[in-house]
Amino acid sequence: MTVRLTTDKDTRVALLTLDRPEKLNAIDADMAERLGRIWRELRFDDTVRAVVVTGAGGRAFCTGLDRDTAAEVPQPSSPYAIDDPLLAIGPKANDLWKPVIAAVDGMACGGAFYLLGEAEFVIAGSTATFFDPHTTYGMVSAFESILMAQRMPFGEATRMALMGTAERMSARRAYEVGLVSEVTEPGEAVAAALRCAEVVAGYPTEAVQGTVRACWAAQEAARTHALTHAPHLISLGNLPADRQSGLFAGRRPGGFRVR
């Protein structure tokens, strides 16, 4: 089981856990399919009024797309189209408008931003870090950068995207720039997120979901317009797969600064 879903029937809060700790919760094809299916099912589950999403193991919330899955995804030959296996892993992509709170401990990078970018807000443990490795390995950060540019100031989102693996944003800095709404002691992010979710789940659900839609409507037009450009930028800017593999093979642990 790559994804676990548990529901507290008393509080009406569901806890969705990415459960591949041995892979730092990297998303493979099975996990991507399960995430999309769970979000869609939650649309019809009236016992759930709010959701917390997190990662198992404490070392990482999610480290993006599993490289083995990436190699298995066939791509069209046209430079005007790509098939991205992570496009449908988030709640909004699956038309779920119940509030979703992300609880981050450890690393959150790359494809993790598909989930963070579609959460209502993010709570992080003090040792959490955020970074985007795409440019380091010859890949365009398009979808991820668009989503993060709507969560924090332009300069911060652009710096994260361009600095690749050389830098990691600390939970403290993420709080300062607005990506994170609360910083907890290490390992306490899930508990804090559940407390918030329980409060929200206790309010009339029509009012809550209407408020979620209103907040997203404020930025939806710009987000939708920007996302239409992402496939073309990726098709034109990504290095060929063999050159990407060479860069991944040459990577060394460490070598980054946390700011």
Side-chain angles (χ1 to χ4, degrees), residues 1-28 30-64 86 88-109 111-130 151 171 174 179-205 208-209 211-212:
M1 184 68 70
T2 57
V3 181
R4 287 185 283 115
L5 182 70
T6 58
T7 301
D8 187 319
K9 300 300 183 182
D10 294 325
T11 64
R12 297 192 175 189
V13 172
L15 177 62
L16 178 60
T17 304
L18 311 183
D19 195 13
R20 295 184 78 209
E22 74 285 357
K23 293 288 188 178
L24 299 176
N25 298 316
I27 300 173
D28 63 4
D30 177 67
M31 183 185 285
E33 188 277 330
R34 287 176 182 270
L35 282 168
R37 176 156 43 86
I38 288 171
W39 295 127
R40 292 190 298 273
E41 290 173 352
L42 285 171
R43 294 172 63 213
F44 299 94
D45 188 348
D46 292 336
T47 67
V48 173
R49 290 189 170 188
V51 185
V52 171
V53 59
T54 193
R59 294 177 60 202
F61 169 79
C62 174
T63 54
L86 301 188
I89 67 167
K92 306 303 177 291
N94 289 281
D95 201 33
L96 178 72
W97 297 96
K98 297 178 181 182
V100 175
I101 303 168
V104 177
D105 275 304
M107 294 180 287
C109 64
F113 298 156
Y114 287 78
L115 291 169
L116 300 186
E118 292 194 1
E120 271 54 69
F121 56 89
V122 180
I123 294 175
S126 59
T127 57
T129 57
F130 304 82
R151 305 307 296 252
L179 173 59
V180 166
S181 66
E182 179 183 350
V183 178
T184 73
E185 293 299 316
E188 295 298 318
V190 171
L194 288 171
R195 286 194 294 270
C196 291
E198 288 172 15
V199 171
V200 176
Y203 297 150
T205 187
V208 168
Q209 291 188 37
T211 300
V212 169

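Bear in mind the structure is a predicted one, so any value in this text is a computation, not a measurement. When reading the values below, keep in mind they use all heavy atoms of this one structure, side chains included, and skip hydrogens, waters and symmetry mates.
The backbone N or O of Tyr203 lies less than 3.5 Å from a partner atom in the side chain of Arg49, making a donor-acceptor pair. At distances below 3.5 Å, not a single donor-acceptor pair connects side-chain atoms of Ser126 with backbone N or O atoms of Glu185. Between the Thr47 side chain and the Lys9 main chain, no donor and acceptor come within less than 3.5 Å of each other. Distance alone, capped at 3.5 Å, places no donor-acceptor pair between the Glu182 side chain and the Ala124 backbone. Between the side chain of Asp8 and the main chain of Asp10, a donor-acceptor pair closer than 3.5 Å is present.
Within a 6.0 Å sphere centred on CZ of Arg40, other residues, nucleotides and ligands contribute more than 12 heavy atoms. Within a 6.0 Å sphere centred on NZ of Lys23, other residues, nucleotides and ligands contribute 12 heavy atoms or fewer. Few gaps surround CD on Glu41; more than 12 heavy atoms of other groups in view lie less than 6.0 Å from it.
At least one side-chain heavy atom of Leu115 sits less than 4.5 Å from a side-chain heavy atom of Leu18. The shortest side-chain heavy-atom distance between Trp97 and Arg43 does not fall under the 4.5 Å cut-off. Ser181 has its side chain within reach of Ile123: a pair of non-hydrogen atoms, C-beta onward, lies under 4.5 Å apart. The shortest distance between side-chain heavy atoms of Met107 and Leu24 falls below 4.5 Å. Counting heavy atoms from C-beta on, the side chains of Cys62 and Ile27 come closer than 4.5 Å. Put simply, the side chain of Val13 does not reach to within 4.5 Å of the side chain of Val51, judged on heavy atoms. Using a 4.5 Å heavy-atom threshold, the side chains of Ile38 and Val3 count as touching.
Closest approach of Ala193 and Ala103 over heavy atoms only: CB-CB, 3.9 Å. Contact detail for Gly187 and Asp105: the closest heavy-atom pair is N-OD1, 3.3 Å. Contact detail for Thr11 and Ala201: the closest heavy-atom pair is O-CB, 3.4 Å. In terms of heavy atoms, Phe130 sits closest to Ala171 at CE1-CA, 4.3 Å. Residue Asn94 comes nearest to Gly36 through the heavy atom pair OD1-O, 3.5 Å, listed as atom of the first residue, atom of the second, then distance. Scanning all heavy atoms of the two residues, the minimum distance from Ala108 to Leu116 falls at CB-CD1, 4.1 Å.
Annotation: the span from Arg12 atom CZ to Glu198 atom CD amounts to 13.5 Å, rounded to 0.5 Å. Here the straight-line distance linking atom CG of Asn25 with atom CZ of Arg20 works out to 8.5 Å at 0.5 Å rounding. Residue Ile89 holds its CD1 atom at 6.0 Å from CG of Leu35, rounded to the nearest 0.5 Å. Between atom CZ of residue Phe61 and atom OG1 of residue Thr17 there is a gap of 10.0 Å, rounded to the nearest 0.5 Å. Rounded to the nearest 0.5 angstrom, Asp19 CG and Thr2 OG1 are separated by 8.0 Å. Note that CD1 of Ile101 is 13.0 Å distant from CG of Leu16, once rounded to the nearest 0.5 Å.
A salt bridge is absent between Lys98 and Glu120: the closest approach of a Lys/Arg side-chain nitrogen to an acidic carboxylate oxygen does not fall below 4.0 angstrom. In this structure, Asp30 pairs ionically with Arg34, as a charged nitrogen and a carboxylate oxygen lie closer than 4.0 Å.
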Evaluation steps, side-chain contact (heavy atoms from CB on, under 4.5 Å), between Val100 and Trp39: CA-CA 10 Å; Val100 175; Trp39 295 127; 4.0 Å; yes

